[in-house]
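Positions are given from 1 along the sequence.
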Amino acid sequence: MNLSGLLTCLESDAGFSAVRDLAQAGTGAIVEAPSALHPLLVAEIARSRQSGSPVVVVTATGREAEDVAAAIPGLVPAARVAVFPSWETLPHERLSPSSDTVGRRVAVMHRLAHGDDADPVAPPIDVLVTSV
């Protein structure tokens, strides 16, 4: 579902204009907002950015990371989104994460390092979402 019209409706808002200006400047910034606005802000940054580097979004939980990543394609249909999964274990635990998690993390790192528009399996990443 294409919800990109929501961003057009918010263009006159001063806060969104400030976020757009930061994205266009390409200098990087920390933007804090209520969690309900995260997908909209990330979409505005992804839509307005000028550089080729990905927008990095850090969320509080893995579930929130998945939710933000799921919302972005509806707001910016051309955005290529990836979730960098959490490690699943704490440093003091003597457990390793599952092989699925390790594989997903390696795949995301490969896309970051070698993403290619011509490669449908490993396209570049426009928005990288991860949890703390």
Side-chain angles (χ1 to χ4, degrees):
M1 176 183 291
N2 188 342
L3 300 174
S4 59
L6 288 174
L7 298 177
T8 305
C9 292
L10 293 169
E11 284 180 351
S12 62
D13 182 74
F16 272 80
S17 296
V19 168
R20 183 177 49 253
D21 294 343
L22 287 170
Q24 289 173 345
T27 57
I30 296 173
V31 179
E32 296 180 29
S35 60
L37 289 178
H38 289 176
L40 293 169
L41 290 170
V42 171
E44 181 63 20
I45 292 168
R47 184 176 76 146
S48 302
R49 73 188 178 97
Q50 297 296 320
S51 68
S53 59
V55 174
V56 178
V57 181
V58 181
T59 62
T61 65
R63 171 140 207 127
E64 185 181 353
E66 295 284 341
D67 291 346
V68 169
I72 298 304
L75 295 164
V76 184
R80 296 164 294 201
V81 182
V83 175
F84 191 69
S86 64
W87 199 240
E88 295 180 339
T89 60
L90 298 173
H92 65 276
E93 295 178 328
R94 293 188 174 258
L95 300 171
S96 296
S98 71
S99 59
D100 291 343
T101 299
V102 173
R104 287 178 41 213
R105 289 172 65 98
V106 169
V108 169
M109 288 188 282
H110 176 75
R111 284 180 64 191
L112 284 170
H114 305 289
D116 183 9
D117 283 321
D119 186 355
V121 177
I125 296 172
D126 296 322
V127 179
L128 176 65
V129 187
T130 188
S131 62
V132 173

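- The nearest pair of heavy atoms linking A82 to R111 is CB-NH1, 3.8 Å.
- Between A43 and I72 the shortest heavy-atom distance is N-CD1, 3.9 Å.
- Both V102 and V108 are members of a single hydrophobic cluster when ILVMFWY side chains are connected at heavy-atom separations under 4.5 Å.
- Minimum interatomic distance between V83 and A65 (heavy atoms only, all atoms of both residues): CG2-O, 4.2 Å.
- Closest approach of H38 to A33, counting heavy atoms only: NE2-O, 2.8 Å.
- In terms of hydrophobic clustering, with Ile, Leu, Val, Met, Phe, Trp and Tyr side chains grouped at heavy-atom distances under 4.5 Å, L40 and V76 are assigned to a common cluster.
- Only one option out of S99, P85, S98 pairs with R104 in a side-chain contact (heavy atoms from CB on, under 4.5 Å); it is P85.
- V127 is not connected to L112 by any chain of hydrophobic side-chain contacts under 4.5 Å among Ile, Leu, Val, Met, Phe, Trp and Tyr, and they are in different clusters.
- Counting all heavy atoms, side chain and backbone alike, L75 lies closest to P39 at CD1-O, 3.6 Å.
- Of the inter-residue distances, the one linking S86 atom OG with R63 atom CZ reads 12.5 Å to the nearest 0.5 angstrom.
- Cluster membership check: V81 shares its hydrophobic cluster with V57, using side-chain heavy-atom separations under 4.5 Å among Ile, Leu, Val, Met, Phe, Trp and Tyr.
- Side-chain contact between T59 and S131 is present, with heavy atoms from C-beta onward closer than 4.5 Å.
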Item to check | salt bridge (charged side-chain N to carboxylate O under 4.0 Å, His left out) assessment of R47 paired with E44 | outcome: CA-CA 5 Å; R47 184 176 76 146; E44 181 63 20; 2.9 Å; yes
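- Atom CG of L22 and atom CG of L41 lie 11.0 Å apart (nearest 0.5 Å).
- Linking ILVMFWY residues whenever their side-chain heavy atoms come closer than 4.5 Å, directly or via other members, leaves I125 and V55 in distinct clusters.
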